[in-house]
Chemist: 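Before we start, here is the structure in question, set down as structure tokens.
Only this structure's heavy atoms are used, side chains among them; waters, hydrogens and symmetry mates stay out. Residue numbers begin at 1 in each chain, while the letters A, B, ... track the order of the sequences.
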Number of protein chains: 2
Amino acid sequence: MAGKVAERRAALRENLINIAEQRIANDGLSELRARDLAKEAGCALGAIYNVFGDLTDLVLAVNARTFHKLGAEVAEALADAPQDPVEQLVVMSQAYHRFAAANLHAWRALFDVERAPDEDAPEWYLQEMGRLFTYISDPLAVIFPQYSDQERALLTRGLFSSVHGIVLLGLDGASAGVPSDEIDSMIALILRQITLAK
Amino acid sequence: MAGKVAERRAALRENLINIAEQRIANDGLSELRARDLAKEAGCALGAIYNVFGDLTDLVLAVNARTFHKLGAEVAEALADAPQDPVEQLVVMSQAYHRFAAANLHAWRALFDVERAPDEDAPEWYLQEMGRLFTYISDPLAVIFPQYSDQERALLTRGLFSSVHGIVLLGLDGASAGVPSDEIDSMIALILRQITLAK
DNA sequence: ACAGTATCATGAACCTCGTTCACTAACGGG
DNA sequence: CCCGTTAGTGAACGAGGTTCATGATACTGT
């Protein structure tokens, strides 16, 4: 019976990702413990390291799922959005906000995991990021047909970063908890203002 | 000799903040070690805990300094800025960017320190934040005199968050290192676009 | 000045965690 | 059925934040 080991390992891998995913979703990245994972998965502590190089690798696997779900939700919002490109931007941004609010811990884990400073971002990250950027860039091409590709790329990145910043600080408790509606208003206000200036 | 203890403690406190500040500036928050601090300050390990409740308190003391310096640099930029309110916003935002880039680790520590989820932000944080918000709100009042205070507050917060997001993602290595000039361009592009739409 | 008491500083010890590795168990080819 | 190879195990290791019993130090009243 060839591949039995690989099968068992793949199953453990899936299992560990599921457990870590739930743990992060419930309690946040900082509450993830190797010993908890092993206990809940019914495996030895060392078994985790037969399947993942370290806990960061496991977290990255969870993050890949999270990011993919995020992209899917934004895409779904876009599919249901009106034709008007400005409204498309607003709807997608609010979908981003909705996802972040509904999956706060998992969403935070996307950015809180510490990457080694030398190695670059994983492939799935760049791919999903590109997907999101395309969703933004397409309506922008309609709104600002006179812009060069380079200018549009700049604006795309800038708008994404802006919305990200608004959601980030809005969901941060330190800012005394901005109400969800106000975050959506801020997003809409800024996007509509920017895109008014054709 | 009254107050000798208090004096010694105050000196140790200053000393520890200085050492931690330098350590964070050089190597980042994650490289801060209680044992290193004690060794460099020439004090016992436990002495740190006579002066600070825990290391987070010490980091918060460093952050207070960082945030104050940040506010001062933005204020200075504003003082040297032209009268045009839009340009004032651009200049301040680019000063924010410049500070973050020049003090990357210290700036990151402002946001990376984990606060207990129940207790709210320290007083100095709210005060400095309010100062920054005032700097933004004042030019906005000139640009958009028709806005209510509430609308302007929303726009203020939104603009700050946007600029923060642009700087944050721009300085993040994962985005493949956006050149400094492009970050400034993004900031200027977005601010000018928004404020065109009077 | 001195004894007595309260307060402070000290660093070894404690605890939590991620990670490793010597050992044991399981597997499979001959 | 035996033996070499591979996989799984969990005790042990090392790092690091925090605590606390103990000895040193400073204050107070006489």
Chemist: Measure from OH on B:Y49 to P on C:dC8 and round the result to the nearest Å.
Modeler: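 My rounded result for the distance is 19 Å.
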
Chemist: Identify, with sequence neighbours excluded, every residue that meets salt bridge (charged side-chain N to carboxylate O under 4.0 Å, His left out) alongside B:D84.
Modeler: none

Chemist: State whether A:E14 and A:R65 are salt-bridged, where the test is any N-O pair (Lys NZ or Arg NE/NH1/NH2 against Asp/Glu carboxylate O) under 4.0 Å.
Modeler: yes

Chemist: Let me check the geometry of the helix from C:dA1-D:dT30 to C:dG30-D:dC1. What is the bend angle between the axes at its two ends, five pairs each, to 10°?
Modeler: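 About 10° separates the two local helix axes.
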
Chemist: Once you round it to whole Å, what is the distance between C1' of D:dT19 and CG of B:D54?
Modeler: 13 Å

Chemist: Please check if the distance between the ring centroids of B:H97 and B:W107 is under 6.0 Å.
Modeler: no

Chemist: Taking B:L89's backbone N and O only, do any of them form a donor-acceptor pair with B:S93's side chain (distance below 3.5 Å, no angle check)?
Modeler: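 Such a contact is found between B:S93 side chain and B:L89 backbone.
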
Chemist: Sub-3.5 Å donor-acceptor pair from the side chain of A:R23 to the main-chain atoms of A:L37, do we have one?
Modeler: no

Chemist: A:L45 has a side chain; which of C:dT19, D:dG17, C:dA9 sits nearest to it?
Modeler: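 From the listed options, C:dT19 comes nearest.
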
Chemist: So, is B:N50 near the phosphate of C:dC8, with a side-chain N or O under 4.0 Å from OP1 or OP2?
Modeler: no

Chemist: Spell out, as yes or no, whether a donor-acceptor pair under 3.5 Å connects the side chain of B:D54 to the backbone of B:D57.
Modeler: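 Present.
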
Chemist: In a check of side-chain contact (heavy atoms from CB on, under 4.5 Å) between B:L32 and each of B:D27, B:V62, B:V59, which one passes?
Modeler: B:V59

Chemist: Could you check how far CG of A:D57 sits from C1' of C:dG18, rounded to whole Å?
Modeler: 13 Å

Chemist: Taking atom C1' of D:dT9 as reference, at what distance in whole Å does atom CG of A:L12 sit?
Modeler: 13 Å

Chemist: To the nearest Å, give me how far apart CZ (B:F52) and P (C:dC8) are.
Modeler: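 Rounded to the whole Å, the gap is 16 Å.
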
Chemist: Using the side-chain heavy atoms of B:L55, tell me which of these nucleotides is nearest: D:dG17, D:dT9, D:dA11.
Modeler: D:dG17

Chemist: Between A:I48 (CD1) and D:dT9 (P), how many Å, whole number?
Modeler: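 One finds 11 Å between P of D:dT9 and CD1 of A:I48, rounded.
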
Chemist: May I ask you to list the residues of residues 24-39 of chain A, by number, that have any heavy atom positioned under 4.0 Å from an atom of DNA chain D?
Modeler: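 Contacts with DNA chain D under 4.0 Å: A:R35.
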
Chemist: For A:F99, which of A:V74, A:V167, A:T66 qualifies under side-chain contact (heavy atoms from CB on, under 4.5 Å)?
Modeler: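 Answer to the side-chain contact (heavy atoms from CB on, under 4.5 Å) test with A:F99 among A:V74, A:V167, A:T66: A:T66.
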
Chemist: For A:R23 and C:dC17, give me the distance from atom CZ to atom C1', rounded to whole Å.
Modeler: 14 Å

Chemist: What's the verdict on salt bridge (Lys or Arg N to Asp or Glu O under 4.0 Å) for A:D149 and A:R152, showing C-alpha distance, side-chain angles and the deciding distance?
Modeler: CA-CA 5 Å; A:D149 283 2; A:R152 197 168 62 248; 3.3 Å; yes

